[in-house]
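Sequential numbering from 1 along the given sequence is applied to the chain's residues. All of these numbers come straight from a predicted model, not from anything done at the bench.
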Amino acid sequence: MSALWRRLLAAFGDLAPRERLLVLGASGMIAVCLVYVAVVMPALSFGDGIRQRAEAAETQLQAMRRLRHEFDDVNRRLGAVEQRIQSGPTGNLRTTLETLAQKATVKVESMEPQASPANERYRETKVAVGLQGVTLPQTVNYLHQIESADQLLSVKSLRIRTRPEKPELLDVTFTVSSFEPL
């Protein structure tokens, strides 16, 4: 290696002053390019990577805060529903629905009990209700009576069809659930 270095220095010494300047200038430019490629570019790339990771972490943090807020909101609503189930009145679901139908001036055509999944904390009672030949205001009034009853009632499914002979009248079928603590 030292022999190569000596030959380079000898060749450099044989150059004219103007050529030496050109070789030194080119060598300096090559050295600057090497430093830029070997040191500056990796440092800039590393900085960009850190910045991108920080932005990604900030986005994830915002998502986690939003999810935590939603979780707390759902948890609060669930607590309110559980409190309403625990402290609310209980009773026969069919009797309650018949009483509410009378208040809403609706004639119930059918009420059929439905199977409900088992739960370790609450007993769910389901009834499928059928109305025939009712108006839209009657239907809305009856559903409002159900949703605002003292007993916790929930309309699970709703199907509305118009009658072919009288389009202003509706056939309505829906399922209502009530919950009682075990």
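You'll find the side chain of Leu143 stays beyond 4.5 Å of the side chain of Val140, heavy atoms only. Using a 4.5 Å cut-off on side-chain heavy atoms (C-beta onward), Leu8 and Phe12 make no contact. With a 4.5 Å cut-off on side-chain heavy atoms, Lys156 and Gln114 do not count as touching. Taking 4.5 Å as the limit, every side-chain heavy atom of Leu97 sits out of range of all side-chain heavy atoms of Val108. Thr125 places none of its side-chain heavy atoms less than 4.5 Å from the side chain of Phe179. In this structure, the side chains of Leu169 and Val134 stay at 4.5 Å or more apart for every pair of heavy atoms. The side-chain heavy atoms of Leu93 and Leu153, taken from C-beta on, include a pair separated by under 4.5 Å. Between Met41 and Tyr36, some side-chain heavy-atom pair lies under the 4.5 Å cut-off.
Checked against side chain to side chain contact (heavy atoms under 4.5 Å, CB included), Lys107 has the following partners two or more places apart in sequence or in another chain: Glu109.
If you take CD on Glu124 and OG on Ser177, they are separated by 4.0 Å, rounding to the nearest 0.5 Å. The line from CD of Glu55 to CD1 of Ile50 is 12.5 Å long, rounded to the nearest 0.5 Å. Note that the CD1 atom of Ile146 and the OG atom of Ser178 stand 11.5 Å from one another [nearest 0.5 Å]. Remark: Thr96 OG1 to Gln145 CD distance equals 12.5 Å, nearest 0.5 Å. Here the straight-line distance linking atom NE2 of His69 with atom CG of Leu67 works out to 11.0 Å at 0.5 Å rounding. Once rounded to the nearest 0.5 Å, the distance linking CG of Leu136 with OG1 of Thr162 reads 11.5 Å.
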- Message: Let's go through Leu158 and Val172 carefully: what are the C-alpha distance in whole Å and the side-chain angles of both, what is the deciding distance for side chain to side chain contact (heavy atoms under 4.5 Å, CB included) to 0.1 Å, and is it a yes or a no?
- Response: CA-CA 7 Å; Leu158 175 66; Val172 181; 3.7 Å; yes
- Task: Please report the C-alpha distance between Thr173 and Val129 in whole Å, then the side-chain angles of each, then the deciding distance to 0.1 Å, and finally whether the side chain to side chain contact (heavy atoms under 4.5 Å, CB included) criterion is met.
- Result: CA-CA 6 Å; Thr173 306; Val129 179; over 6 Å; no
- Carefully, step by step, assess Gln132 and Arg163 under the rule side chain to side chain contact (heavy atoms under 4.5 Å, CB included). CA-CA 9 Å; Gln132 290 184 346; Arg163 297 183 70 94; 3.8 Å; yes
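A donor-acceptor pair under 3.5 Å links the side-chain atoms of Thr139 to the main chain of Thr135, judged by distance alone. Without hydrogens or angle criteria, Glu19 side chain to Ala16 main chain gives a donor-acceptor distance under 3.5 Å. Without hydrogens or angle criteria, Tyr142 side chain to Lys103 main chain gives no donor-acceptor distance under 3.5 Å. A donor-acceptor contact shorter than 3.5 Å links the side chain of Gln138 to the backbone of Thr105. A donor-acceptor pair is defined here as one N or O able to donate and one able to accept, closer than 3.5 Å; such a pair exists between the side chain of Arg20 and the backbone of Gly13. Remark: the backbone N or O of Ile160 is not paired with any side-chain donor or acceptor of Asp171 at under 3.5 angstrom.
Residues Asp72 and Arg68 are paired through a salt bridge, judged by an N-O separation under 4.0 Å between the basic side chain and the carboxylate. Of the charged side-chain nitrogens involved, at least one lies within less than 4.0 Å of a carboxylate oxygen, so that Glu70 and Arg66 count as a salt-bridged pair.
For Thr59 and Gln62, the side-chain atoms include no donor-acceptor pair closer than 3.5 Å. For the 3.5 Å distance criterion, the side chains of Ser157 and Thr175 qualify, holding a donor opposite an acceptor.
If you chain together ILVMFWY residues whose side-chain heavy atoms come under 4.5 Å of each other, Leu34 ends up grouped with Ile30.
Nearest heavy-atom pair, Asn141 versus Ala104, reported as atom, atom and distance to 0.1 Å: ND2-CA, 3.6 Å.
Hydrophobic clustering (ILVMFWY, side-chain heavy atoms < 4.5 Å, transitive): Val127 and Val106 are in one cluster.
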